[in-house]
Number of protein chains: 2
Amino acid sequence: MAGIREHKKAETRRAITAAAVELFSEKGYEKTSIEDIARVAKIGKATVYTYFSTKDEIFLSYCDEELEDSFAQFKAPFFADGKLIDQLLEFFMIKFRFISDNREFGRQLLREMVFPKVVNERAKEHDQRYFDILENIFTAAQRRGELADEPDMFYLSVHFFSIYLGVLAGWYTGYVVSLAEVEEALRALFTQAIDGVGI
Amino acid sequence: MAGIREHKKAETRRAITAAAVELFSEKGYEKTSIEDIARVAKIGKATVYTYFSTKDEIFLSYCDEELEDSFAQFKAPFFADGKLIDQLLEFFMIKFRFISDNREFGRQLLREMVFPKVVNERAKEHDQRYFDILENIFTAAQRRGELADEPDMFYLSVHFFSIYLGVLAGWYTGYVVSLAEVEEALRALFTQAIDGVGI
DNA sequence: GTGTAAAGTCGAACGCGGTCGAGAATTATG
DNA sequence: CATAATTCTCGACCGCGTTCGACTTTACAC
């Protein structure tokens with residue numbers, strides 16, 4: 001009967017994550033203490049560390065849940081038609097709205113995802129899901145003759161992702177402020193990338 | 001005789017910065033405590049907070065010193081000739097070598113500069129210095145006929161900076177590992193940006 | 001069952017970033 | 001000078017993330 005322990009562990013883990021989601025959403029990351037989480041999850045403070053090794057890790061688990069929700073917005077039919085640049089804008093603006101929905105949460109999340117302390121395989125799987133969507137967009141664009149032949153899908157994705165990252169940085173550092181400005185900047189830069197800046 | 005206090009304050013500030021430079025370089029940011037800094041600077045722990053309001057701020061002051069050194073590497077003659085892509089590569093590889101010189105320090109610095117907690121005017125002045133260098137590179141390239149007429153210097157800078165940022169993210173997340181791979185990725189993406197990915 | 005190893009739990013304690021408040025040093029006033 | 005007003009200093013303390021170690025529960029062999 002080796003199931004009791006396992007079952008309890010899974011349940012406790014869920015309790016911690018649920019408590020974290022509740023408290024982070026309510027009070028934010030910084031104002032939520034491990035003790036708060038433990039209290040809500042009805043366990044001892046130290047027990048939290050049997051399931052997560054740092055507070056950051058709890059945060060990432062929380063992010064997973066939130067991101068999972070946001071993925072739901074990327075439905076394939078959404079991208080069935082439209083020009084490449086419009087589809088890219090749509091895609092990245094969904095992502096941006098998710099981030100800008102809670103500026104501080106987004107900042108914390110981006111810091112962790114863009115400049116992580118350690119290389120993280122789970123994060124790569126996550127990236128892959130985004131790259132897959134982008135690849136679909138690019139493949140469709142190529143079929144319509146909007147892209148050069150045999151483009152390198154990986155570098156293509158990285159290129160547009162980088163621009164998105166740059167604009168996000170501009171948003172956090174104060175170069176662009178409103179949603180409209182973000183969209184304008186993305187459009188200008190995507191156009192540059194598609195047309196090329198050289199002669 | 002209102003000078004004594006002022007003089008002492010300036011001296012104390014220098015002592016703190018010097019202690020921080022010494023300790024951060026030796027043990028790294030996280031392993032250096034405020035108490036350590038105070039001890040080396042020969043002042044009380046609380047006194048540190050008369051000069052800097054958070055540990056992050058001390059770190060940024062430390063960064064300023066380091067970055068100032070790194071600026072010295074960008075001498076104008078350096079960029080006198082060569083094709084656009086080679087000059088861009090040279091510029092960003094200098095920056096990358098500076099970051100990769102101490103991975104953890106670079107990570108902390110980038111987190112603070114790319115996704116800062118609050119909008120920071122001093123950081124913008126700092127960016128401006130980089131943008132000025134890039135603008136010189138672009139102007140020269142245009143004179144040689146490598147760029148389209150009347151390019152938007154700002155978006156041009158942001159574009160290449162974004163790509164650099166994306167590659168840095170790739171380095172921290174483990175997609176590219178060696179210096180050579182970083183250079184290869186930068187070259188591929190810069191080429192894409194110059195030539196355009198569209199037909 | 002019973003004893004023992006392994007795994008899980010949690011209150012107490014540690015380290016560190018940051019604040020407080022009382023006293024010391026400097027400046028201003030006359 | 002004398003003394004009041006202002007500014008600076010720092011040991012003590014707080015809160016919180018994380019670790020320790022003693023105690024409890026479960027798993028398993030016989």
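Here is the naming used below: chain letters follow the sequence lines, and residue numbers restart at 1 for every chain.
Every residue meeting the side chain to side chain contact (heavy atoms under 4.5 Å, CB included) condition with Lys27(A), not counting sequence neighbours, appears here in chain and number order: Leu23(A), Lys31(A), Thr32(A), Asp36(A).
Counting only heavy atoms from C-beta on, Lys45(B) has its side chain closest to dG17(C) among dC20(D), dG17(C), dC10(D).
By the 30° and 60° cut-offs, the orientation of the rings of Phe115(B) relative to Phe115(A) is tilted. Ring geometry for Phe160(A) against Phe138(A) counts as tilted: the plane angle lies between 30° and 60°, on a 0 to 90° scale. Between Tyr62(B) and Phe24(B), the two ring planes are perpendicular [angle over 60°; tilted spans 30° to 60°]. Classification of the Tyr175(B)-Phe154(A) ring pair by plane angle, with boundaries at 30° and 60°, yields tilted.
Contacts with DNA chain C (heavy atom under 4.0 Å) in residues 51-64 of chain B: Thr54(B), Lys55(B), listed by number. DNA chain C is contacted by Ile43(A), Gly44(A) of residues 25-44 of chain A, taking any non-hydrogen atom closer than 4.0 Å.
Rounded to whole Å, atom C1' of dG17(C) lies 12 Å from atom CZ of Phe24(B). Atom OH in Tyr49(B) sits roughly 8 Å away from atom C1' in dC16(C) (whole-Å rounding). Between Leu23(B) atom CG and dC16(C) atom C1' the separation is 15 Å, expressed in whole Å.
OP1 or OP2 of dC10(C) has at least one side-chain nitrogen or oxygen of Thr47(A) nearer than 4.0 Å.
The list of side-chain hydrogen bond (donor to acceptor under 3.5 Å, both in side chains) pairs with a residue in residues 40-51 of chain B, not counting sequence neighbours, is empty. Within the structure, every pair that satisfies the salt bridge (charged side-chain N to carboxylate O under 4.0 Å, His left out) test and touches residues 105-114 of chain A, not counting sequence neighbours, is listed here: Glu104(A)-Arg107(A), Arg111(A)-Glu112(B), Glu112(A)-Arg111(B). Under the side-chain hydrogen bond (donor to acceptor under 3.5 Å, both in side chains) criterion, the residue pairs touching residues 130-139 of chain A are Gln128(A)-Asp132(A), with sequence neighbours excluded.
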